[in-house]
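Single-structure report; data block below.
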There are 2 protein chains.
Amino acid sequence: METIHLNENHTPLNDNSHLKEIIRDLGLKITQQRLAILNHVVTGKAHFTAQAAFESLSKTHPEIGFATVYRFLRKLSENGYVTEVRMGGLPARYEWAHKKHHDHLTCTKCQGIVEFENQEIEELQEKIADQFGFVLTDHVLELFGLCPKCQTKEGELPVPKNRFSSHLEPNN
Amino acid sequence: METIHLNENHTPLNDNSHLKEIIRDLGLKITQQRLAILNHVVTGKAHFTAQAAFESLSKTHPEIGFATVYRFLRKLSENGYVTEVRMGGLPARYEWAHKKHHDHLTCTKCQGIVEFENQEIEELQEKIADQFGFVLTDHVLELFGLCPKCQTKEGELPVPKNRFSSHLEPNN
DNA sequence: CCCCAAATGAGAATGACTTTCATTTTTAAC
DNA sequence: GTTAAAAATGAAAGTCATTCTCATTTGGGG
């Protein structure tokens, strides 16, 4: 059905068959751009912003526009292939959702992110939704605090330029 | 110390003494604008957007600028007097934080918000932070789903103009 | 191959804030 | 009370992430 041969990047085409399947599942046409973006999402590191993905992709695929990156990431996230994470008013961060569901513990100083999962919490959430007659479709659980490193290095690192509200006092 | 008399709105001044204390606690000067905004926050309904507060306030205080509303709401939220809630990329919503801590269960269709509290979840969160050596400073727990009403009225209401990602399929 | 709906990219538009700055207020000191 | 310095304000401009528009290109069924 699908002959294996090399594309212009000397990458075996069948590397992409898995990615193609995903794009097909979304009911979209298979384009080089989407393959490149999807490949980046799957193989790159998690918690990237759309902007970062765009810049990174631009190096090898200068022809990809950021609109395409945003559009496709949205589609992927709408269909559960990637998870969109937002903290405060900061740009959305995305991650490939092939892993088991998990939540995030974020350091408000260095913005480091630790992933965790906790079945008990998941179950309690379901129970709560039930109590109010809701059908749960999604949830966001983000914990914020200071990571071990930032607890010691008090005030050494400058607070990242974006403000951080949420009960912290930035002016001390 | 403070003589009770009427201000130009024929409202007893001591109505505001509580509000003034809050503003003082923030290290800010007491202005008519801040009193008006704070009064709105305390007595108005919860989960308002900055824009909504601005518009509502404009009726009685046409001189208040939206910059002032945003600035003051931010200050209040930084100091824990109000809680900032964000869902998806939608405008931040604020609520007076005089109540016990609670989280939100939001209907993705009608955007109705139910508040709940669950001590078990709170404790589990602390435990998780501990496990990673984090000092917890804050957290966000937002549950999303369909409220009982919206479960039955399938597709009757148009989806609010702002898209809703998160594993829902808007195009069906 | 051909065609056309789907996809793309460049740039304009949007929308929620934030910042700037010239003017007005507050308030602490007389 | 006056007053002056510091803080606050509002109008408007700026920012920034994201979305939209639209003219052009492209994938893929026929």
Side-chain angles (χ1 to χ4, degrees), chain A residues 1-2 7-8 13 16 19-20 23-24 26-38 48-55 57-58 61-78 82 84-94 160-165 170-171, chain B residues 1-2 7-8 13 16 20 23-24 26-38 48-55 57-58 61-78 84-94 160-165 170-171:
Chain A
M1 296 223 158
E2 217 168 1
N7 64 17
E8 67 279 82
L13 247 193
N16 291 332
L19 305 183
K20 287 183 178 175
I23 298 174
R24 253 182 239 112
L26 297 171
L28 302 174
K29 289 185 176 174
I30 290 155
T31 64
Q32 288 310 307
Q33 290 89 323
R34 299 216 251 241
L35 283 172
I37 296 169
L38 191 46
F48 59 88
T49 62
Q51 189 60 36
F54 167 66
E55 283 167 18
L57 282 162
S58 286
H61 304 258
E63 74 284 2
I64 297 182
F66 61 88
T68 304
V69 176
Y70 274 99
R71 269 187 295 237
F72 191 45
L73 280 178
R74 171 155 37 138
K75 203 79 179 180
L76 285 169
S77 122
E78 283 170 359
V82 307
E84 197 190 72
V85 178
R86 287 170 188 272
M87 47 184 297
L90 274 56
R93 288 176 177 274
Y94 298 89
K161 79 170 175 200
N162 280 303
R163 87 197 155 78
F164 248 104
S165 52
N171 306 318
Chain B
M1 290 225 156
E2 219 167 2
N7 65 16
E8 68 277 83
L13 249 191
N16 291 333
K20 286 184 178 174
I23 298 174
R24 255 183 238 113
L26 295 172
L28 301 174
K29 290 185 175 173
I30 288 153
T31 64
Q32 288 310 307
Q33 291 86 325
R34 298 214 251 241
L35 283 172
I37 295 169
L38 191 47
F48 58 89
T49 62
Q51 189 59 36
F54 167 66
E55 282 166 18
L57 282 162
S58 286
H61 303 259
E63 74 284 3
I64 297 182
F66 62 87
T68 304
V69 176
Y70 274 100
R71 268 187 295 238
F72 191 44
L73 280 178
R74 175 163 24 147
K75 201 81 178 178
L76 285 169
S77 123
E78 282 170 358
E84 198 190 71
V85 178
R86 287 170 188 272
M87 47 183 298
L90 274 55
R93 288 175 177 274
Y94 299 89
K161 79 169 176 200
N162 279 303
R163 88 199 153 80
F164 248 104
S165 52
N171 307 317

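Here is the naming used below: chain letters follow the sequence lines, and residue numbers restart at 1 for every chain.
The CZ atom of B:Phe48 sits 12 Å away from the P atom of C:dC17 (whole-angstrom rounding). Between the CZ atom of B:Arg74 and the C1' atom of C:dC17 there is a distance of 9 Å, given to the nearest Å. Taking atom CZ of residue B:Arg86 and atom P of nucleotide C:dA16, one finds them 12 Å apart after rounding to whole Å. When rounded to the nearest whole Å, the span between CZ of A:Phe72 and P of C:dG9 equals 13 Å. One can place NZ of A:Lys75 at 15 Å from C1' of D:dC20, the figure rounded to the nearest angstrom. A:Phe54 has its CZ atom 16 Å from the P atom of D:dC16, to the nearest Å. Counting to the nearest Å, the P atom of C:dT27 and the CD1 atom of B:Ile23 are 9 Å from each other. In this structure, A:Glu55 atom CD and C:dG9 atom P are separated by 16 Å, rounded to whole Å.
Rounded to the nearest 0.5 Å, atoms CZ (B:Arg86) and CE (A:Met87) are 11.0 Å apart. Taking CG of B:Leu38 as the start and NZ of B:Lys75 as the end, the distance is 14.5 Å to the nearest 0.5 Å. Between B:Thr68 atom OG1 and B:Ile37 atom CD1 the span is 6.0 Å, to the nearest 0.5 Å. Atom CZ in B:Arg74 sits 9.0 Å away from atom OG in B:Ser77 (nearest 0.5 Å). Here B:Arg34 contributes atom CZ and B:Leu28 contributes atom CG; the two are 4.5 Å apart, rounded to the nearest 0.5 Å. In this structure, A:Gln33 CD and A:Leu35 CG are separated by 9.0 Å, a value rounded to the nearest 0.5 Å.
In this structure, the side chains of A:Thr31 and A:Ile23 stay at 4.5 Å or more apart for every pair of heavy atoms. Considering only heavy atoms from C-beta on, B:Phe48 comes within 4.5 Å of B:Leu73 through its side chain.
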- line: Readout for nucleotides 21-30 of chain D: B = base within 4.0 Å of protein heavy atom, S = sugar-phosphate only, - = neither; 5' to 3' it is B-----BS--
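Sequence order on DNA chain C of the closest nucleotides to B:Phe66 and A:Arg34 puts A:Arg34 first from the 5' end.
Contact annotation for B:Glu63: backbone-only contact, meaning every heavy-atom pair under 4.0 Å involves sugar-phosphate atoms and none involves a base. B:Ala92 comes within contact range of the sugar-phosphate backbone alone, with a heavy-atom separation under 4.0 Å but no base atom that close.
In this model, the phosphate group of C:dT18 is not approached by any side-chain N or O of B:Tyr70 to a distance below 4.0 Å at OP1 or OP2. The side chain of B:Arg24 contributes no N or O atom lying less than 4.0 Å from OP1 or OP2 of C:dT27. Note on B:Arg93: every side-chain N or O is 4.0 Å or more away from OP1 and OP2 of C:dA16.
Comparing the helix axis at one end of the helix from C:dC1-D:dG30 to C:dC30-D:dG1 with that at the other, each defined from 5 consecutive pairs, gives an inter-axis angle of 30° (nearest 10°).
For A:Thr49, the side chain to side chain contact (heavy atoms under 4.5 Å, CB included) partners are A:Gln51, A:Ala52, A:Pro91, A:Arg93, not counting sequence neighbours.
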